[in-house]
2 protein chains.
Amino acid sequence: MQLRMTNQREIILQELQKSGKHLTADELYDRVKKSMPRISLATVYRNLETLSKTGVIAKLEISGRQRRFDYDASEHDHIYCVQCHKVDNVELDREVIGYSSTISAQGYKITGYRLELVGICPVCRKNNQKRGE
Amino acid sequence: MQLRMTNQREIILQELQKSGKHLTADELYDRVKKSMPRISLATVYRNLETLSKTGVIAKLEISGRQRRFDYDASEHDHIYCVQCHKVDNVELDREVIGYSSTISAQGYKITGYRLELVGICPVCRKNNQKRGE
DNA sequence: CTTAGTGCAAACTGTTTGCAGAGGG
DNA sequence: CCCTCTGCAAACAGTTTGCACTAAG
């Protein structure tokens, strides 16, 4: 199966990349609709699926009910704001999770891990301070 | 609001605990139905919600489309089998994730983290070997 | 031309909710 | 008795899919 670079696919990818955020399908849909009003949400879903399968973007397993997509497909971790549900990238030393000894005891073959930091983002912290929390 | 220990709630809790697994609402529903056939899935959801809010069990943010519930409410991490989608508990040194320096640079206040190891469980590994993979 | 991709609507999955009635304390 | 909890059905949110048509290469 070979890929075609359709107009839709191109704009979806561009919008995700230029957002610099970890958008959900419908957040991206809203953005893309501005330059392509007749695009359908299904197309956005299909393209996000395709683009993540080919490794151009990454599909995130992250907190919250909606799936999010990352313009950056390289390995890195995420931090999640419990207040505004925003997600940011975090660069951590991935070697630190070299627990193989502990883990192999349980008989698992470790292939990777997902680390999600949880906290409150700068914007929310500032807002909280204003309200004296 | 005070809690009542209804028959349903008791059986739901017992079944989750005696399973020793990280069940989804409908897996638990199937088990509970055996001793209480007229129970409804909504009741299972409502009780899992209540029990996790009161800290008796834990609601997991984990890979996969379905939410899972943990009979063990204490802080610990999980390991996820990519083949059979089973989840197990893992005890790791939680202090290792003391990255505050790196992270606070981004202005986040870290309140916790979720670490999910990903791999292949003993059972699946054995099955793979049989098939010569 | 060929066949991957699209828009639309309808289906599907997991979860939540309104309501009238049941039962725990 | 009160009020939390239940069963049921219907609603909901997010995602996927079947189909006939469009357009990329």
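The analysis underlying the following values was restricted to heavy atoms, covering all of them including side chains, and did not include hydrogens, waters or symmetry mates. Lettering of chains follows the sequences in order, A, B, ..., and the numbering in each one begins at 1.
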- Message: Under the rule for side-chain hydrogen bond (donor to acceptor under 3.5 Å, both in side chains), what residues qualify as partners of A:Asp26, not counting sequence neighbours?
- Response: A:Thr24
- Query: Hey, does the side chain of A:Tyr45 come within less than 4.0 Å of D:dT15's phosphate (OP1/OP2), counting only N and O?
  - Reply: yes
- Message: Please list, in numerical order, the residues of residues 19-39 of chain B that have a heavy atom closer than 4.0 Å to any atom of DNA chain D.
- Response: B:Arg38, B:Ile39
- Quick one: is C:dT6 close enough that its OP1 or OP2 comes under 4.0 Å of any side-chain N or O from A:Thr6? yes
- Count the heavy atoms of every other residue, nucleotide or ligand shown that sit under 6.0 Å from NZ of B:Lys21, and state whether that count exceeds 12. no
Show each protein N/O and nucleotides 18-23 of chain D N/O combination with a separation under 3.5 Å, one pair to a line.
| residue | atom | partner | partner atom | Å |
| --- | --- | --- | --- | --- |
| D:dG18 | O6 | A:Arg46 | NH1 | 3.3 |

- Is any side-chain nitrogen or oxygen of B:Asn7 closer than 4.0 Å to OP1 or OP2 of D:dT6? no
- Could you name each residue pair satisfying salt bridge (Lys or Arg N to Asp or Glu O under 4.0 Å) that touches residues 36-52 of chain B, not counting sequence neighbours? B:Glu49-B:Lys53, B:Glu49-B:Lys59
- Within residues 54-71 of chain B, find the residues that approach DNA chain C with a heavy atom at under 4.0 Å, and present them sorted by residue number. B:Arg65, B:Gln66, B:Arg67
- Message: For B:Leu41 and B:Met5, find the nucleotide of DNA chain C closest to each by heavy atoms; which residue's nucleotide sits nearer the 5' end?
- Response: B:Leu41
- Message: Please determine whether a side-chain nitrogen or oxygen atom of A:Thr43 lies at a distance below 4.0 Å from atom OP1 or OP2 of C:dG7.
- Response: yes
- Looking across every strand, which nucleic acid part, if any, lies under 4.0 Å from A:Gln8 by heavy atom: base, sugar-phosphate, or nothing? sugar-phosphate
- Task: With sequence neighbours excluded, tell me which residues meet side-chain hydrogen bond (donor to acceptor under 3.5 Å, both in side chains) with B:Arg67.
- Result: none
- Message: Within this structure, what is the OH-NZ distance for the pair B:Tyr108 and A:Lys86, rounded to the nearest 0.5 Å?
- Response: 4.5 Å
- Please test B:Leu117 against B:His78 for side-chain contact (heavy atoms from CB on, under 4.5 Å), starting from the C-alpha separation and ending with a verdict. CA-CA 6 Å; B:Leu117 295 171; B:His78 295 98; over 6 Å; no
